[in-house]
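Please see the structure below; I have some questions.
Sequence positions, counted from 1, serve as the residue numbers for this chain. No experiment lies behind these values; they were computed from the predicted model shown. Numbering of ligands and ligand atoms starts at 1, following listing order.
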Amino acid sequence: MESKALSEKISRKTANIGIVGIGYVGSALAHACILAGFQVLGFTRDADKARRINNPKKRRFTATTNLSRLRTCDIICICVPTPIYEDKTPDLRPLEESLTNVSAYLRAGQLIIIESSVGVGMTRSIAVPLLERTKLVCGKDFFLAYSPERVDPGNRSFSFRDIPKVVAGFDDMSKELAVTFYQKIIALAVPVSSLETAEMTKLLENTFRLVNISLINELTEYTKARGIDIWEVIAAAKTKPFGFLAHYPGPGVGGHCIPVDPHYLLSDARARNIPLTLVEDAGKINDRQVEKVIARALEILKERNGQKDAYEVLLIGVAYKRDVPDMRESPALRILESFHKQGFTVSYHDPHIPSVNGFASQALSSEVMQRQDLLVITTDHSAIDYSQLLAFDRPILDTRNALRGFTNPNIYRIFL
Ligand code: SAJ
């Protein structure tokens, strides 16, 4: 009975959608639900964020810090971060807190969907017990699904609606309800046979990327030794219309997905004594990129300035990737901290990040630029005028091939 009523409300788009966690994933999902005609209530601990969202002109999307309103939602999507601790083990506190909050107001007939990236088996082993504390029974009184987020910050090629979504249910009815919901907001919902299959799909997607980035970072050491431009090699390999997907060398791997999610796989594999040596090594190879950038920068500084007590260095870009205002796990921050610890006068310029860790983004003024012993391009934002950067005639270490095509003698390329 409960499922029929919910299915009807989804089909008529009168189901009230609750989204717990309105960061880049929750916001994108909220927008897609609104576009499809649903009413959305965002749940956040940040009262200012709630106030910013509650714009009288936008009645379809409101936000609140009042958790008791979870009871009014027919579908609740959990889109909170699933980070890792310093020791790289899963930090499930945000997810467990959200599930505890949802369980406090859980009522019969609700569909709970987890979108946060989790380890294999975590939906079943963590979400079900927390939700069933209310004595309501999963699959009977309420429904539970898992559908990993696939939001790609800064990607202009695919809209939320264009990106298929993998969907699994605790049971068939849960899956059916979740597929019916997603089919209202995106072009393609991809049902799979189990929660674990959907959890592993997400981990495969991001581990695939981690490993391929580490492959190209490692191969760059070889091509550099052989005087070959790896970027030209990749461009040539991309002409193969099948069986190749380009990845590029860089200063390391940042963001809240690629350097993080694979540890949800590794921690469970280790616990089961299943060696995933390639994945373990991939993370180490990518982490070593930061040390390579720092070592090369020091070589250039000594070569051009002799031994000095302190050099002045400006990083161009601290975001974890091009054209996003996000610096989580950004390798540029590790480079910034390292130069700072070595006593350098170090600063950064990033048009998307006004300040971070007590540093403020520097304007590219003549006064600032003339003082620099070295510029390091750590993020290749589109908004930066690289020819203007070169006009200051300062030594530049390019870790992103942002200066492709330029031949100024002051350019150093980490990959050549
Ligand atoms: N990076 C490289 N070389 C590459 C690609 C990325 O060094 O060839 C670096 C980036 O500079 C960044 C980090 O790796 O520091 C992560 O880059 P990313 O493009 O993978 O960025 P994310 O973390 O936003 O990844 C998202 C993920 N999407 C989801 O998790 C839903 C990922 O699964 C996507 O594959 C990726 O976007 C994408 O394809 O753009």
Q | 4.0 Å heavy-atom contact, Q289 with ligand 1 | A |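 Under 4.0 Å: no for Q289.
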Q. Which heavy-atom pair separates F143 from S3 by the least distance, and what is that distance?
A.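 Nearest pair, atom of F143 first, then S3: CZ-CB, 3.6 Å.
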Q: Measure the distance from atom 6 (C) of ligand 1 to every protein heavy atom, then report the residue, atom name and distance (to 0.1 Å) of the closest one.
A: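 Nearest neighbour among protein heavy atoms for atom 6 (C) of ligand 1, to 0.1 Å: I213 CD1, 3.5 Å.
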Q: Over all heavy atoms of both residues, which pair between I234 and H247 is shortest? Give the atoms and the distance, please.
A: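 The pair with the smallest heavy-atom distance is CD1-O, 3.3 Å.
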Q.
Checking side-chain polar atoms at under 3.5 Å, does T14 have a donor or acceptor matched by the opposite partner on K9?
A.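 Distance-only check fails for T14 and K9.
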Q.
Among E149, H247, H256, R209, which one puts a heavy atom closest to atom 5 (C) of ligand 1?
A.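 Selected option, by shortest heavy-atom distance: R209.
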Q. What atoms of ligand 1 come closer than 4.0 angstrom to any heavy atom of C257?
A.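 Every atom of ligand 1 under 4.0 Å from some heavy atom of C257: 23 (O), 30 (O).
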Q.
Evaluate D398 against I414 for side chain to side chain contact (heavy atoms under 4.5 Å, CB included), listing each step before the verdict.
A. CA-CA 6 Å; D398 183 2; I414 190 81; over 6 Å; no
**Q.** S214 side-chain N/O to I285 backbone N/O, donor-acceptor pair under 3.5 Å
**A.**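 Side chain of S214 to backbone of I285: no pair is present.
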Q | Nearest non-hydrogen protein atom, atom 33 (O) of ligand 1 | A |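 Answer, as residue, atom name and distance: N206 OD1, 2.5 Å.
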Q. Which word best sums up how the rings of H256 and Y320 line up, parallel for under 30°, tilted for 30 to 60°, or perpendicular for over 60°?
A.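 Rings of H256 and Y320: perpendicular, over 60°.
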Q: Verify, without hydrogens or angle tests, whether K165 (side chain) and P148 (backbone) share a donor-acceptor contact under 3.5 angstrom.
A: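 Looks like yes, one N/O pair under 3.5 Å.
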Q. For atom 21 (O) of ligand 1, which candidate among E205, M327, K321 provides the closest heavy atom?
A.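 Nearest heavy atom to atom 21 (O) of ligand 1 lies in K321.
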Q. Heavy-atom contacts under 4.0 Å between N217 and ligand 1: side chain, backbone, both, or neither?
A.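 Near ligand 1, N217 shows nothing, with every heavy atom at 4.0 Å or more.
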Q: Please work out whether the ring planes of F344 and F339 are parallel, tilted or perpendicular, with thresholds of 30° and 60°.
A: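 Aromatic pair F344/F339 classed parallel.
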Q. When you measure from atom 31 (C) of ligand 1 to each heavy atom in R150, E115, R400, which option holds the nearest one?
A.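 Nearest option to atom 31 (C) of ligand 1, by heavy atoms: R150.
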Q.
At less than 4.0 angstrom from any non-hydrogen atom of V151, what atoms of ligand 1 do you find?
A.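 Within the 4.0 Å cut-off of V151, ligand 1 contributes 28 (N), 29 (C), 31 (C).
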Q. How close does the nearest protein non-hydrogen atom get to atom 40 (O) of ligand 1, and which residue and atom is it?
A.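 Answer, as residue, atom name and distance: D152 OD2, 2.6 Å.
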Q: Compare S214, P251, G254 and give the one whose heavy atom is closest to atom 13 (C) of ligand 1.
A: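 Looking at heavy atoms only, G254 sits closest to atom 13 (C) of ligand 1.
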Q | Protein contact to atom 2 (C) of ligand 1 [nearest heavy atom, distance to 0.1 Å] | A |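 Atom 2 (C) of ligand 1 sits closest to the protein heavy atom Y248 O, 3.6 Å.
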Q) Of all the atoms in ligand 1, which lie at a distance below 4.0 Å from a heavy atom belonging to K202? A)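 Under 4.0 Å from K202, ligand 1 has these atoms: 29 (C), 30 (O), 31 (C).
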Q: Report, in ascending order of atom number, the atoms of ligand 1 lying under 4.0 Å from any heavy atom of Y320.
A: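 Reading through ligand 1 atom by atom, the close ones are 10 (C), 11 (O), 12 (C), 15 (O), 21 (O), 22 (P), 23 (O), 24 (O).
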**Q.** R304 to P395 - nearest heavy-atom pair and separation
**A.**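 Of all heavy-atom pairs spanning R304 and P395, the closest is NE-CG, 3.2 Å.
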